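Because only heavy atoms are used, hydrogens play no part in the values below, and waters and symmetry mates are left out as well, while side chains stay in. The chain is numbered in sequence order, starting from 1. Keep in mind that what you see is a predicted model, and the values were worked out from it rather than measured.
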Amino acid sequence: MNPESLDATDRQLLDALQRDARQTIAELAQTVSLSASPCWRRVKQLEESGVIEGYHAHLNRHQLGYGVTGFVHLQMDNHTPDVMAAFEREVVALPQVLSCHNLSGRYDYLIEAIAPDLEAFSLLVRVKIRSLPGVKEIATSFSLKEVKRAGTLPVS
C-alpha cells in the first residue's frame, strides 16, 4: 500500500487510532461515519499492508525512573557491511537505546538512550556503547528539556 492509495476515510481511521488505539470498532466506525463491518475490514487491511505496525501504550519515562535522556553520536572506524551489521545487531539488543539512526555527515550513527541518572548513562556509554563493533569516536549530549515528542504521524 502506498500513500496515494489511502483515501480520506483511511486517513481518518489512522488519525483516530493514533490518538486512541483502545477505541472499539463501533466507536471508531462512528468517528469515521462507517458501519462496524466495513470499518473493521479497513483497519484489518491497514494492518495487513503494514501501514499499522502495532498498538502501543505511551509510557512516561520519568514515572518509570528514567531521568536522563541522551544522544550519542558515533563515528565508525570500519564501514564494511559485516561490521555495520554487527554494530546494528548489538545496538538493537540494548534496552536503554530508544532509537538508532544511520546518518549522513561526520557521524555514522545517532543513538537516543535513557538512564535513571548520569552515572548510569555514563556506564552505558563507557561500557556498552563504546564496546560495540567498529566504534571509533563518541560525542554525547543530553536533553535539557523535551519540547516535542511526536506520538503521531501526520496522515492528512
Side-chain angles (χ1 to χ4, degrees), residues 1-23 28 32 42-156:
M1 183 171 273
N2 60 40
E4 293 81 32
S5 66
L6 297 174
D7 66 14
T9 302
D10 291 331
R11 293 176 189 283
Q12 284 181 305
L13 283 168
L14 293 171
D15 187 53
L17 285 169
Q18 285 187 106
R19 283 186 277 109
D20 181 6
R22 294 183 65 170
Q23 297 178 70
L28 194 56
V32 299
R42 280 181 178 255
V43 170
K44 193 75 173 155
Q45 181 182 7
L46 291 165
E47 291 171 347
E48 289 172 354
S49 69
V51 173
I52 296 175
E53 293 181 332
Y55 300 89
H56 312 279
H58 185 85
L59 306 179
N60 184 303
R61 298 174 194 192
H62 295 285
Q63 291 289 330
L64 292 171
Y66 297 107
V68 174
T69 300
F71 299 90
V72 184
H73 288 83
L74 298 172
Q75 189 177 58
M76 306 297 282
D77 68 359
N78 187 326
H79 294 89
T80 64
D82 289 344
V83 170
M84 301 294 269
F87 168 83
E88 291 176 9
R89 189 173 43 255
E90 290 190 34
V91 80
V92 165
L94 296 174
Q96 304 93 327
V97 171
L98 301 182
S99 66
C100 179
H101 299 267
N102 187 211
L103 306 174
S104 63
R106 175 170 183 208
Y107 292 103
D108 297 302
Y109 288 95
L110 173 65
I111 293 173
E112 178 184 8
I114 55 171
D117 52 40
L118 286 173
E119 184 178 337
F121 194 91
S122 175
L123 192 62
L124 170 68
V125 171
R126 288 183 294 113
V127 174
K128 294 185 179 178
I129 293 176
R130 187 170 300 282
S131 67
L132 293 172
V135 173
K136 174 183 175 184
E137 181 184 326
I138 293 177
T140 304
S141 28
F142 296 98
S143 173
L144 301 176
K145 177 176 120 177
E146 185 173 74
V147 176
K148 179 180 179 181
R149 182 178 196 187
T152 61
L153 295 175
V155 292
S156 301

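Ion pair R11/D15 not flagged as a salt bridge, since none of the NZ, NE, NH1 or NH2 atoms sits closer than 4.0 Å to an Asp/Glu carboxylate oxygen. With salt bridges taken as basic N to acidic carboxylate O contacts below 4.0 Å, one links E112 and R61.
Other residues, nucleotides and ligands contribute more than 12 heavy atoms inside 6.0 Å of the CD atom of Q23. Heavy atoms from other residues, nucleotides or ligands lying under 6.0 Å from CD of E146 number more than 12.
Each of L98, N60, D117, I114 was compared with Y66 under the side chain to side chain contact (heavy atoms under 4.5 Å, CB included) criterion, and only I114 meets it. For the side chain to side chain contact (heavy atoms under 4.5 Å, CB included) criterion with L74, the lone passing option out of N102, L103, L110, I129 is I129.
K128 and S131 get closest at one heavy-atom pair: O-OG, 3.0 Å. Of all non-hydrogen atoms in E47 and Y55, the two that sit nearest each other are OE2-OH, 2.6 Å. Scanning all heavy atoms of the two residues, the minimum distance from Y109 to C100 falls at CD2-SG, 3.7 Å.
With values rounded to the nearest 0.5 angstrom, S49 atom OG is found 7.5 Å from L6 atom CG. Summarising the geometry, atom CG belonging to D108 is positioned 9.5 Å from atom NZ belonging to K136; distances are rounded to the nearest 0.5 Å.
A donor and an acceptor atom, one from each side chain of T80 and D82, are nowhere located under 3.5 Å apart.
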